[in-house]
Amino acid sequence: MLPIDVYPKISTDRENPARRLDRRSWCAIGLVAAMIVLHQWMLQPALNQLISDVPAINIAGRQRMLSQALAKSALALSIAENTTDRERHRSALRQTLEEWRTAHQKLREEIRVSRRSQSGLNERFDELESHFQAMATAADRLLIEASGHADRAALAALMEHEPEFLSRMHAIVGLYEHDTRMEVRELQWLGLIIMAVIVVLQIVVQMTVVRPAVQLVGREIELSEMQYERLVESMTDGLVVFDLSGMITFANRRFGAMLGFALGDLIGKPASVVIADPDRRHFSEMLVASPLDIKPVDLRLQHLEGFLVETMASPQRLSDSAGQPQGLLLVVTDITARNEMEQRSRRLMEQLNHADRLKTMGTMATALAHEMNQPLGAIANYAEGCLARLSRPPIDPTELKEPLQKILRSAHRGAEIIRRTRDFARLSPHRIEEESIPDLVHEVEELSRPVARRRGIMLETQIAAELPMISVDGIQIQQVLINLIQNAFAAVEHVEIYRRRVRIMAGQTADGDLELSVADTGPGIPVNGAESWFEPFITSREDGTGMGLAIARGIVEAHGGRIWAESGSDGGAIFRFTLPLLPAMPEIPHEELREPAFHA
């Protein structure tokens, strides 16, 4: 790709070439219009005159033929031997004479309206007129019944003027033909001149309009291609095009660098070279899918060195002008670094959650130690009783059965307290499993009840019947509940002891989501202050860190739910959160927990 400074730059102090070409094109159109006007003004009148001369020339030629026919008819009439022949020849003479006079009259009219009347044509016709009249008069005399002497005199007059008539008529036709040849020659020269002007005009238009326009369009296309290439090659995302057979027809520099290939090395390669084996079937389905079914997907690519590159691919169907599919374009974003960052964020979140649970257990340690004293004290008392009875034989084994069973039950109770405490406090990987909400709530209740008893708080549960199983991380959901319960305990510490009540509720919303809530009888929520409680480092307790509710919010939102606070109808506060029945992220290797709000 060329450096940026070699691209053409638009100068502001020079005329726009498109405007200059536009003016030249209008000039060319004006010259073409001028040639059309010149053609109409010079050639068309001459052509019209030539066309109008044709009837006159035809009439003149016919006059010569009719004059000869008139002379022949007159001779035939004069030598006819019987009356029948004379009548027949007289009829032919009469008809020829009428046609001759009619043609002569038309010729006179043509000459009168002709522009050639200034070229001597009228003089020639005037000279012809006397001979025409003499011949016509002689012919009329032959048509009248008369003596043979009169016929011979009329015939002699007709024959005397007939050569002169033909000579004058021949001169008129020659004059017409001479003028016509001259005009045709003039038209030929004019045609050659106009043709030469048109050729020169075409050359001028070609050199001043067409060629610069083609060069301008070529430069614009070249510039557009260079800018397109610069845009494609400067993309931070990879761009690759596959044909319908899965062969790579184009790949930009970023896509090649993403997989370790040089520019141009991927052209003509099959998709199997770059698509990782686990995703090849999905890619094949995407290659033939309809445009409505094509959506952005996670796509693993194969690096030249063998490792996988995780990407987000945005596909686009390529079609021709008729709408027929031609291939598939992928805009590929490398998300490997983002996934690694999300994994680190998830591990930090797990550690922070673990630290928060340890802090919670620290606050509950005294109450849990007191809770452990009950089963341990019971075990010690029953054991001392058994020892005392063993010191006084004889001994009936059945007498020891009941105290030993009580020792076993107390040991199981103590072990259960230790197990719940250990499970809640240990650092464990994020794990989505089918969980029972009632079981999770009861375990939280058992962990929280010693603290409630020690502080004089009535802890209640209200769980709807037949709640469905849900896919969640049970430890994290319990962490949210314990955080909310600890906050509720702190809220009711300063009210009268008979009013200290905390209730844990679980049910299902109208939308089908599971809803858990913790209600207290404390002082309630300040107006317009509930939303800020979920921000990090916001706390109303002197010993609080302000992270509990922020962590709770991150956990709930990571499960696709929502958490909020509201005032109770009888005072106090209610913290609610919902969990969708469909897990937001069912597989940890591919979908990580989102960062909580305080990471932003």
Q. Taking it one step at a time, do Val240 and Leu329 satisfy side-chain contact (heavy atoms from CB on, under 4.5 Å)?
A. CA-CA 6 Å; Val240 60; Leu329 179 145; over 6 Å; no
Q: Start with the C-alpha gap between Val502 and Val518, add the side-chain angles, then the distance that decides, and say whether side-chain contact (heavy atoms from CB on, under 4.5 Å) holds.
A: CA-CA 7 Å; Val502 173; Val518 176; 3.9 Å; yes
Q: Kindly determine whether Leu459 and Ser448 satisfy side-chain contact (heavy atoms from CB on, under 4.5 Å), including the steps that lead there.
A: CA-CA 8 Å; Leu459 181 62; Ser448 303; 4.0 Å; yes
Q: Step by step, work out the side-chain contact (heavy atoms from CB on, under 4.5 Å) result for Val241 and Ile248.
A: CA-CA 6 Å; Val241 178; Ile248 299 175; over 6 Å; no
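His282 approaches Val297 most closely through the heavy-atom pair NE2-CG1, 3.6 Å. Smallest separation of non-hydrogen atoms from His559 and Asp473: NE2-N, 3.2 Å. Ala552 approaches Ile563 most closely through the heavy-atom pair CB-CD1, 4.4 Å. Nearest approach of Gly522 to Val495, heavy atoms of both residues: CA-CG1, 4.4 Å. The two residues Ile437 and Ala506 have their closest heavy-atom pair at CG2-CB, 3.9 Å. What you find for Phe575 and Leu484 is that their closest heavy atoms are CB-CD2, 3.9 Å.
Here the straight-line distance linking atom CG of Leu481 with atom CD of Glu443 works out to 11.5 Å at 0.5 Å rounding. With rounding to the nearest 0.5 Å, the separation of OG in Ser436 from CE in Met469 is 5.5 Å. Between the CZ atom of Arg562 and the OG1 atom of Thr578 there is a distance of 6.0 Å, given to the nearest 0.5 Å. Between atom CD1 of residue Ile432 and atom CD of residue Gln476 there is a gap of 7.5 Å, rounded to the nearest 0.5 Å. Expressed to the nearest 0.5 Å, how far CZ of Arg300 lies from CG of Asp279 amounts to 4.5 Å. Atom-to-atom distance recorded for Arg280:CZ and Glu285:CD is 15.0 Å, nearest 0.5 angstrom.
In this structure, the side chain of Asp520 engages the main chain of Ala573 through a donor-acceptor pair within 3.5 Å. Using a distance-only test at 3.5 Å, with no hydrogens or angles considered, a donor-acceptor pair links the side chain of Arg317 to the main chain of Leu287. In this structure, the side chain of Gln302 engages the main chain of Gly306 through a donor-acceptor pair within 3.5 Å. A donor-acceptor pair under 3.5 Å is formed between the side chain of Thr311 and the backbone N or O of Leu299. Side-chain atoms of Asp298 do not come within 3.5 Å of backbone N or O of Met312 as any donor-acceptor pair.
Residues satisfying the salt bridge (Lys or Arg N to Asp or Glu O under 4.0 Å) test with Glu515, not counting sequence neighbours, are Arg576. Judged as a side chain to side chain donor-acceptor pair (under 3.5 Å), and not counting sequence neighbours, Glu220 has no contacts. With sequence neighbours left out, the salt bridge (Lys or Arg N to Asp or Glu O under 4.0 Å) criterion links Arg499 to Glu496. In this structure Asp237 satisfies the side chain to side chain donor-acceptor pair (under 3.5 Å) test together with Thr333, sequence neighbours excluded. Every residue two or more places apart in sequence or in another chain that forms a salt bridge (Lys or Arg N to Asp or Glu O under 4.0 Å) with Glu493 is listed here: Arg455.
Side-chain atoms of Asp511 and Thr509 form no donor-acceptor pair, as typed in the model, at a separation below 3.5 Å.
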Return all side-chain donor-acceptor pairs below 3.5 angstrom for residues 263-278, not counting sequence neighbours, or 'none' if the list is empty.
from: Asp265; atom 1: OD2; to: Ala262; atom 2: N; distance (Å): 3.3
from: Lys269; atom 1: NZ; to: Asp265; atom 2: O; distance (Å): 2.9

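Counted within 6.0 Å of CE on Met247, heavy atoms from surrounding residues, nucleotides or ligands total more than 12; the atom is thus considered enclosed. Few gaps surround CD on Glu433; more than 12 heavy atoms of other groups in view lie less than 6.0 Å from it.
Looking at heavy atoms from C-beta onward, Ser567 lies out of side-chain contact with Ile574 at the 4.5 angstrom threshold. Two residues are said to be in side-chain contact when any heavy atoms from C-beta on lie closer than 4.5 Å; Leu301 and Leu308 fail this criterion. Annotation: side chain of Leu330 is in contact with side chain of Phe283 (closest heavy-atom distance under 4.5 Å). Ile463 has its side chain within reach of His442: a pair of non-hydrogen atoms, C-beta onward, lies under 4.5 Å apart. Using a 4.5 Å cut-off on side-chain heavy atoms (C-beta onward), Asp513 and Phe577 make no contact. In this structure, the side chains of Met258 and Val309 come closer than 4.5 Å at one or more pairs of heavy atoms. Between Leu549 and Ile551, every side-chain heavy-atom pair lies at or beyond the 4.5 Å cut-off. A 4.5 Å side-chain heavy-atom check between Arg254 and Asp334 finds at least one atom pair inside the cut-off.
Salt bridge annotation for Glu460-Arg503: present, with a cationic side-chain nitrogen under 4.0 angstrom from a carboxylate oxygen.
The ring of Phe255 has its center no closer than 6.0 angstrom to the ring center of Phe261.
Test Leu514, Ile555, Ile477 against Val472 for side-chain contact (heavy atoms from CB on, under 4.5 Å) and you get one pass: Ile477.
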